[in-house]
2 protein chains.
Amino acid sequence: MVWKFSDGRPVYVQIMEHIQTAVLTGIFPPGSKIPSVRELAADAKVNPNTMQHALQELEQSMLLITQGTLGRFVTQDSAVIDAARNKLLHNLTQECIKKYAALGISPEQAANLLLECGKREA
Amino acid sequence: MVWKFSDGRPVYVQIMEHIQTAVLTGIFPPGSKIPSVRELAADAKVNPNTMQHALQELEQSMLLITQGTLGRFVTQDSAVIDAARNKLLHNLTQECIKKYAALGISPEQAANLLLECGKREA
DNA sequence: GATACTGTATTATCAAACTAATACACTGGA
DNA sequence: TCCAGTGTATTAGTTTGATAATACAGTATC
């Protein structure tokens, strides 16, 4: 797993995003056990407490479940994963629309910008 | 001017965005004098230093110019404003594409999401 | 039972960022 | 000259984040 943090935003928040993305894209499959706090912390070159902080926050979204001392597991309920994914997508889309609107750009125009930029980079 | 701040991000950064948007959308027209630090600070219910911090950071983009003790003015150079606007749009678009890509969404799919969400809200 | 591995909790410390209070320097105009 | 209004500088206080060291409780395995 590639850990890359930019300053400006708390590391633990960026860790949350990394792991959430890993779950939503199947890097951590449903029902699978994820590495231990200490293992992940060592991998990310981060203090175990920081990693723990991120994981505990993430559990509020129900994507991760702690099984006592057995470790942490990704939820087996694919509906939960889909719901989280849809919610994230919806939030992201609304956020984009809002930011574009602040600059006087309509959703239609924004969509065109995405298409053009996507082509150019491709 | 409507000042609305959310926590989690520094107030001065949010002020920067507010004012930059005001310049790029013509609320503060090119060449016009903007309110004084203390005036803006009182309006935003913020410490004058916080406002000053935001304004000084913003000057690095050349959108604002300090005229000694006469006050601050929006640049008269519309090319600078256009360039800043285009840069902001480009950054925003790339940021969106990146975030969607992290969820396995192509720019084309993202564009569709924007269109659908735009319609639904309209 | 002993060991090693889980997650968790507590406390302390350090650094950085943000906000705030105050004082300073300059200019325009009455 | 004096006053009011600019932007600016300095300093301090508060908060937040990250790290660190330790300790605790439970489980699987040998």
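Throughout, protein chains are lettered first and strands after them, A, B, ... in sequence-line order, and every chain is numbered starting at 1.
One can place CD1 of Ile65(A) at 13 Å from P of dT8(C), the figure rounded to the nearest angstrom. Separating the CE atom of Met51(B) from the C1' atom of dC18(C) is a distance of 15 Å, rounded to the nearest angstrom. Following rounding to the nearest Å, Leu40(B) (CG) and dG7(D) (P) show an atom-to-atom distance of 8 Å. Going from atom NZ of Lys33(A) over to atom P of dG7(C) covers 6 Å, rounded to whole Å. Rounding to whole angstrom units, CG of residue Leu55(B) and P of dA9(D) are separated by 14 Å.
Contact annotation: Asn47(A) does not reach the phosphate of dA18(D) (side-chain N/O to OP1 or OP2, under 4.0 Å). Contact annotation: Thr69(A) does not reach the phosphate of dA25(D) (side-chain N/O to OP1 or OP2, under 4.0 Å). For dT8(D), one of the phosphate oxygens OP1 or OP2 lies less than 4.0 angstrom from a side-chain nitrogen or oxygen of Gln52(B). Contact between the side-chain N/O atoms of Ser36(A) and the OP1/OP2 oxygens of dT6(C) is found at a separation under 4.0 Å.
The side chain of Leu70(B) approaches dG28(C) more closely than any other nucleotide in the set dG7(C), dG28(C), dA18(D). Side-chain proximity of Asn49(A) to the nucleotides dT6(C), dT8(D), dT19(D) is greatest for dT19(D). Closest approach to the Arg72(A) side chain among dT8(C), dG28(C), dG17(D) is made by dT8(C) (side chain taken as heavy atoms from C-beta onward). Of all nucleotides listed (dT6(C), dA20(C), dA18(D)), dA18(D) comes nearest to the side chain of Tyr12(A). Distance from the side chain of Thr50(B) is smallest to dT19(C) among dT8(D), dT19(C), dG17(D).
Side-chain to base pairing of Arg9(A) with dG17(D): no donor and acceptor N or O lie closer than 3.5 Å to each other.
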Quick one: do Thr66(B) and Phe73(B) satisfy side chain to side chain contact (heavy atoms under 4.5 Å, CB included)? Show the steps, please.
CA-CA 6 Å; Thr66(B) 296; Phe73(B) 297 79; over 6 Å; no
As a quick check of understanding, evaluate salt bridge (charged side-chain N to carboxylate O under 4.0 Å, His left out) for Arg9(A) and Glu17(A), giving each step before the final call.
CA-CA 12 Å; Arg9(A) 292 163 59 230; Glu17(A) 294 172 353; 2.5 Å; yes
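Annotation: of the two residues near DNA chain C, Pro48(B) and His53(B), the 5′-most nearest-nucleotide partner is His53(B).
Side-chain contact of Thr93(B) with Tyr100(A): a donor-acceptor pair under 3.5 Å is present, judged by distance alone.
Glu59(B) comes within contact range of no nucleotide atom at all, as no heavy-atom separation falls under 4.0 Å. Backbone-only contact: Gln56(B) has heavy atoms under 4.0 Å from sugar-phosphate atoms and none from a base.
Note on ring orientation: taking the six-membered ring where Trp is involved, the planes of Trp3(A) and His18(A) are parallel (angle under 30°, cut-offs 30° and 60°). A parallel orientation is assigned to the rings of Tyr12(A) and His53(A), their planes being inclined by less than 30° (bins at 30° and 60°).
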